[in-house]
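In what follows, a structure is listed as C-alpha cells, so that the remarks can point back to it.
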Amino acid sequence: HRLRQKRAVSEPVAQADEAEEVPAEQPPERIHQTPWTVTMGSWVTLPPISAAEETKAIKELARGIASLSLKGTSRSFAISALGEGSAQGPKTQLSKTLLSFGVDIVDLSGAPLPVVHMATHYATTSGSALVVKRDNAGTLWVGALVNRTWVASSFWQNVLSASIGTENLAGDGRSVKFSLEQEYCDRLAGDIAMADSLQLLMASNDMPILNLAQQGLESMLCDIEVHRCSIDDATSQMTQWLSDSNSDVGFFIDADASQLTVFDETGKRLLDDHVLMLLIQESLARHPGSDVLLGPRASRSLPAFITQCGGASSIATSAPQVIQKEMQNKGALVGGDSAGAVYIRDRWLGSNDPFYGAARLAEIISNSDSKLSALVEALPTISTSVVRLLEAEVLHAALFSLLRDDTNFPGARITLSEGVRVDFADSSVHLEPLDAEGAASLRFDGDDVECRQRLERLLTDMLARKHPDLVLPLP
C-alpha cells in the first residue's frame, strides 16, 4: 500500500455544446426488509434505533458489501468516519466485520472527505472507499465510492439485496492504517502557485475540515484565521471577521454537503455562478476548447460565458455520481452544480472538493493585480432570486404543472431534468424536486433585474388565475 507520488493530470477534450438528458435522482428507496434506506443515490441511511439493532444492521450491511466485493474487483476499501467523533464507533464496527468477511481495509481514521477522495486515487488498488457519518438527528449515513467516483443507487440496491443472503462469508482481511492529511497538504502545496501570500479566512461547520485548512493553506505560505460556525453565522459575521483580520477573501465550507461559499474582501457573498466563472475562466485560458459540465441550476449567463472563454458547455443533473461520470466521459476540466459544489479535473482529482476549490480561488486572487471584488465586477451581471418553498407539497405540484405545460410559455424551452426548468430569451426559472422534508427551491434569473422581475410577475399572475387559493411567497 505504498502511496504513489504522482500528480493527477487530466487530458482536455473538446466537446460541442449540448444539453444532456439524465434521469432525475430517485426518491429514497427501502429495499426488502432491511432497515437501511438508499438516499441521494450514493448513500444509505439508518434511522436512530437501539444499539443492539444498529449493531445488527451494520453487520448485515457489511455482509452485503463483502458479498459484492469478493465477487468483483473492489476487494479493498479505504474507510473514514466523517465529522467530530460520533461516527467512529459504527465505522470501527463496519471495518471489523468487513475484515472478518475477507475484505481488506485502509483505515483513514477520521480523515475529511477531500482526503478520502485522494485516497481512492493513491492508497487503494480498487479506488474504493466507504465513509460513515452521523447527523444531528442521530441518523447514520454510509456513503461509497468505487473506481474513484461516487456510486449510483444500483450499487446500494445490490448491497442491500445481498445483505440478507445466506452464503457463508469467512476470511481474514488485511488492515493498514494511514494518516493522509499531510500527504494531501503536500500535494496541494505542490500544485498551487501563489504569486503573493494572502491573508485568508476559513469558516466551516466541521473541525476536521478546519484543521486541514490550517495545515493546507499554511503549506501554501498563506496566513489563515479559522472559525467553526454555521453558514448563517458566517454570513452575518463575515464582514466583521474579514475587517478584523484584514483578510483578502473569506470561505465557508459546508462539510455535510461538500459545498463552498465565497465572500469578497468586503464580506459580500459571491453568487455560486460567479465562483464557477472565475474557476472556468482560469482553466480555459490554459486549455481552450475544453468542456465544462453544468447543473440544471446554472444561470443563463454561464453557457454564454463559457463560449466567450473558448470552451463548450453541457448540462447534467447535479448528483455527484452523475457529474463525475459525465466529466470523465467528456473530458471536462471543471464542473459545478451552481449551488456550491465544485469539481476540478484540471490538475486535480475531479472530485467535489470544496477545499481545493478554495485553494484555486486563492491562487487566482494572488496571481491577479486586483481584489476579488474587482475580479467579480468584470464578470457578466447575474440577477437572481431564490424562493424557498417549505412544507409546500400542494404549491409545488401546482407550480410543476404550470411550468411543464408548454402551452403556457409559447417559444420557451422546457427541460425536465432534476425538476423542471423554463428558459426564455432573457430569463429562466427552475423548480427543484421536493426533498425528504417536503421543501424545494424556486430559482429565477434574468439578464437584468427587470427581466427577472418580469418573469416573477408572469408566474405569479398565472398561479393566481389557475390556482387562486395559492400564493407564491416572493421576497
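Numbering of residues begins at 1 and proceeds along the displayed sequence.
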Is Glu363 paired with Arg360 through a side-chain N to carboxylate O contact shorter than 4.0 Å? yes
For Trp348 together with Tyr184, are the ring centres under 6.0 Å from each other? yes
If you count the non-hydrogen atoms of other residues, nucleotides and ligands that lie under 6.0 Å from CZ in Arg404, is the total more than 12? no
Interatomic distance, OG@Ser428 vs CG@Leu455, rounded to 0.5 Å, equals 7.5 Å
Under the 3.5 angstrom rule, does the side chain of Asn158 hit a backbone N or O of Ser154 as a donor-acceptor pair? yes
Heavy atoms only: give me the nearest Asn147-Ser128 pair and the separation to one decimal. N-OG, 4.1 Å
Show your working on side chain to side chain donor-acceptor pair (under 3.5 Å) between Asp405 and Thr407 and close with a plain yes or no. CA-CA 5 Å; Asp405 187 349; Thr407 63; 2.6 Å; yes
Residue pair Asp291 / Ala312: nearest heavy atoms and the distance that separates them: OD1-O, 3.0 Å
So does Asp447 pair up with Arg454, basic N to acidic O under 4.0 Å? no
If I take atom OH from residue Tyr343 and atom CD1 from residue Ile323, how far apart are they, to the nearest 0.5 angstrom? 4.0 Å
Between His117 and Trp150, what is the ring plane arrangement, given parallel below 30°, perpendicular above 60°, and tilted in between? perpendicular
Rounded to the nearest 0.5 Å, how far apart are OG of Ser283 and CG of Leu278? 12.5 Å
Please determine whether the number of non-hydrogen atoms from other residues, nucleotides or ligands lying under 6.0 Å from atom CD of Glu450 exceeds 12. no
Point-to-point distance, once rounded to the nearest 0.5 Å, from CD1 of Ile209 to CE of Met202: 8.5 Å
What verdict does the side chain to side chain donor-acceptor pair (under 3.5 Å) test give for Ser318 and Glu418, after you've listed the backbone C-alpha separation in whole Å, the side-chain angles of each residue and the deciding distance to 0.1 Å? CA-CA 8 Å; Ser318 59; Glu418 199 168 338; 2.4 Å; yes
Could you tell me whether Arg187 sits above the aromatic face of Tyr122, with NZ or CZ closer than 6.0 angstrom to the six-membered ring centre and within 45 degrees of the axis? yes
For Arg300 and Phe424 the tightest heavy-atom approach is NE-O, 3.3 Å
Is the count of non-hydrogen atoms from other residues, nucleotides or ligands lying under 6.0 Å from Asp469 atom CG greater than 12? yes
Quick check for you: to the nearest 0.5 Å, what is the distance between Arg297 atom CZ and Thr317 atom OG1? 10.0 Å
Lys/Arg N to Asp/Glu carboxylate O, Arg452 vs Asp445, below 4.0 Å: no
Going from CG on Leu145 to OG on Ser42, what distance comes out if it is rounded to the nearest 0.5 angstrom? 7.5 Å
Report, as yes or no, whether the 6.0 Å neighbourhood of atom CZ on Arg413 holds more than 12 heavy atoms from other residues, nucleotides or ligands. no
For Ile231, does its backbone N or O pair with a side-chain atom of Asn205 as donor and acceptor, under 3.5 Å? no
